[in-house]
Amino acid sequence: MTTGTATGTATGTAPVLEVRDLEVRFGDVPVVRGVGYTVEPGEVLGVVGESGAGKSVASLAVMGLLPRHAKVSGSVLLHGRELLGAPEKELAAVRGDTMSMIFQDPLSALTPVYRVGDQLAEAVRVHQRVSRERAAERAVELLDLVGIPNPRQRARAFPHEFSGGMRQRAMIAMAIANDPDVIICDEPTTALDVTIQAQVLEVLKSARRETGAAIVLITHDLGVVAGIADRVLVMYAGRGVEAGTVRDVYHRSRMPYTIGLLGSVPRLDAGRDVPLVPIDGSPPSAAALPPGCPFEPRCPMAIPACARAEPPLAEVAPGHSAACVRSGEIGEPRPVPPEDVPTAAAGAYPGVPPPRPREGRAVVLEVDGLVKHHPLTKGAVFRRRVGTVHAVDGVSFDIREGETLGLVGESGCGKTTALMEILELARPERGRVVVFGRDTAALTPHDRLAVRRHLQVVFQDPLASLDPRMTVHDIVGEPLVTHGYTDTGPRVRRLLRLVGLEPAHAARYPQDFSGGQRQRIAVARALALEPKLIVLDEPVSALDVSIQAGVINLLAGLADRLGLSYLFVAHDLAVVRHIAHRVAVMYLGRIAEIGGADQVYGAPMHPYTQALLSAVPIPDPDKERRRRRILLDGDLPSPADPPSGCRFRTRCPKFKVLTDAQRVRCVEEEPAVRPLEGDHGASCHYAEKLGVV
Amino acid sequence: MMTLPEEEFAEVAADVGHGRVPSRTRVVAGRFFATGQGRLGFALLALMFLLAFAGPLLYPWSYTEMDFSAFMQPPSPAHWFGTLQTGSDVFAVTMRGAQKSLIVGLLVAVVSTGVAAAVGSVAGYFLGWTDRTLMWVADLLLVLPAFLILAIMSPLLAGGRWLLFVIMLALFLWMVTSKIVRGMTKAIKEREYVKAARFMGVPPAKIIYRHVIPNLASLLVVDATLNVSAAILTETTLSYFGFGIQPPDVSLGGLIADGSRTALYAPWTFWFAAGGLVVTILAVNLVGDSLRDALDPGGRGSA
């Protein structure tokens, strides 16, 4: 059986790394079931798949880093030399030298008690016979190569003094220290913000240029792959299901799973009216795989033959293979026959009247100059204040009836703090929060309870926000009981049905559900009291792509049908694009830009918004490679010590091209959000439109 | 005010209008009685209570009576469990002792674990001054010599004031657990489901009762189970030294202490009381184990 080898482009060069029929079992559970690929020098192979697809385990098996109880079989050839079963000593000589690895979490990959420079020098000295001084010198060179400012000084820093992006650069520096032939990157940018991700991907590209190494990039982010990979291997349930060049896989997909995955990814270049196509169900557990094609239970195109036997990864066109019995039928130009695509729930609802103009609708939430400062204290007995974290520093926006405002920004910009301040319904430190026309500063406890009835919240991690010890019935019924309902049974059943769950599941506990279902339970709880405003804190960021789409569609559909208003906080701009009517971009505790989603995404005016949008990858190789990326320098400044004047000026690409006379204004005067066109406003002295998507 | 679409509700209501409400109490009770262990423990405990309280009513001898025609007699139809050296009927005194021990043991366990849960969770949830005051009280009770205080107070406890005795015993058992509970509450308070409840408008007392305590259930059930034996043993020790429950009233602890001296040549003076204690503690442990499993959502019970 030709258990899928993603054959390389026919250039004739010998592959650096060749993996054949790789299988990994933990006990009786097959986690990787026959994965094969080849990588040629200088080539980038993207391995994509959802969590649990076996992509990380497969790469650890290639590196020989799996624990002893894992049973590995197949073949891993590095320059034609078999690595599987090779003695540990031989593997150790290869690892970090000809083959190196970059992990997802750079904090745990660096030893906290050694200086970064020393760790780099150690990596050099393990494989090269050089003097201590020469190795230290090389460490500084490497840090410089990956774009760390003041490398000589930073080499003497400890890992905790580095930010996440810098740590990941240091990891890349370590990976390229010995001029490897293959670099395996396991979700190298998943833990990072988009602007930092863009920086790190640039570094990765330049590392490839410098070393000529082949890169195996493992990720769940189809946008990242579209931008950087030459060839793609799509994994599902421990196997490769489609492989080919990036354009073939994205534009001429032959496997329904790939098509489904691409259809369910929120895209920056598609608006609220383009619904996402979720994939039904959730990935199978490795311990209980269906007998036939593992995707068959979720596949919209399944035929009886699919349930009988698992199709092999077979070539469907030169250099393009897919594991699907119907791959031949899936036509060239049109990805999926329209009748096979499940019609999405979002967007068009025939019975819903077109919304009234914004000005005519009531304001449900008004935030005006909200300030939240956290004191920084020192000392255990006599606490003294040594500084202030300006978490939220004068934020203003409003949300009208039936409207979704997306509050976006990178981690540390204060969006969650702002949200918590609103939810507390207490008098803010400074500024005003008005919910349903009532100022929170003047609320009595009784009023506050009345306001809470119409203001609900959905948190990021559905497992953490549902009490593990309560049945689903009690969870969904809790707001009802709190607000004086007695007979909750029928209503809970209706709510569960409304969010697409079986009412009979009410007796189960949250842990019996998958991630997407849990988030639906959280949504059902938020809807229980028929609220007017729901605050959503990163509601889909903990979910897999194929599941995420279903929840986004559900939220968008409910908002349209029930006339809900959402305050949708997220770091993922593509998700916000699909659900928000209006968008507010936050930077260091202040709003950088606010306006209608189409205006902000279509013609952003603040340099930060422009950079942020340009950093979000689009899952389309042609579009993605044509885009101009605005790279930001450095990291987010500390909110304890924000820059004077405009907070963005230290990283601003526009600031760099201004004349000295113009710069004075940026340094001395803090820009306020000023309306530039209708209700589209930006807090920049020199704002001008620029299309970046 | 908007409403959820009615037609959707009507359609849903058609097929979901039946069945009981699957609330936590019902699910846990169902899972508790679904296991053989839970049923056995509950039955044993019920049987012990029935024997201890209903048994003496149907039995001709009372625990204060003495049969001067039968000293140290083995079990016979007249004296089911035999007699003691004083002529007391063993069945009658064992049942009387079981009454006291069951009540003291279970009540002390429930009260002390309850106090520990309440104090610990309130301190951990509210923090600040509440926390400092409550933990100061706990620390104070920890450093006080419990045995001495109970001994000093024993005149007060004489004369059948067993409820006061229960409270005194419980008072010296809760502190360590409350400190553990406090620490765990501080962690649970930061969980999102507690925040979600807070933003829903659930008052703090209800959050503690509904979210914090159930999530400490495993700890509390184990603690209560251990406390039952601890209370019975403490009571025994106290009785042995002449404090606690005094003659003519008896407790299982006292009976075992007396019986151990004659156990070798008159086993009935020892084994019936000891067996009663073992069965009681076994039943409590079975109930505790099953309750913990039933409360644990990870357990595969039939829900």
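Chain identifiers are assigned alphabetically (A, B, ...) following the order of the sequence lines, protein sequences preceding nucleic acid strands; residue numbering begins at 1 within each chain. Computation of the quantities below employed the complete heavy-atom set of this structure, encompassing side-chain atoms and omitting hydrogens, waters and symmetry-equivalent molecules. Everything numeric here is computed off the predicted structure, so don't read it as measured data.
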State which residue, out of A/Arg453, A/Glu478, A/Arg452, fulfils the side-chain contact (heavy atoms from CB on, under 4.5 Å) condition with B/Met200.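 Single pass found, and it is A/Glu478.
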Heavy-atom distance under 4.5 Å to chain B: side chain of [X], backbone, both or neither?
X	value
A/Val458	neither
A/Asp537	neither
A/Leu455	backbone
A/Thr482	side chain

Does any backbone or side-chain atom of B/Lys195 lie under 4.5 Å from a heavy atom of chain A? Answer side chain, backbone, both or neither.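 Both the backbone and the side chain of B/Lys195 come within 4.5 Å of chain A.
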Are A/Val481 and B/Arg210 packed together at the side-chain level, in the sense that at least one heavy-atom pair is separated by less than 4.5 angstrom?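 Yes - at least one pair of side-chain heavy atoms lies under 4.5 Å apart.
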Looking at side-chain heavy atoms only, is the closest gap between A/Gln456 and B/Phe199 below 4.5 Å?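 A/Gln456 does not reach B/Phe199 side chain to side chain.
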A/His483 and B/Val202: CA distance, side-chain angles, deciding distance, side-chain contact (heavy atoms from CB on, under 4.5 Å) verdict: CA-CA 9 Å; A/His483 289 270; B/Val202 183; over 6 Å; no
Keeping A/Arg469 on the side-chain end and B/His211 on the backbone end, is there a donor-acceptor pair under 3.5 Å?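 No; zero donor-acceptor contacts below 3.5 Å.
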Of all heavy-atom pairs between A/Val457 and B/Ala196, which one has the smallest distance, and what is that distance?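 Closest pair (atom of A/Val457, atom of B/Ala196, distance): CG1-CA, 4.5 Å.
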Selection from A/Glu424, A/Arg448, A/Gln460 maximising heavy-atom pairs under 4.5 Å formed with chain B: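 Counting heavy-atom pairs under 4.5 Å, the top option is A/Glu424.
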What residue in A/Ala506, A/Pro510, A/Pro445 has the most heavy-atom pairs under 4.5 Å with chain B?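 Heavy-atom pairs under 4.5 Å are most numerous for A/Ala506.
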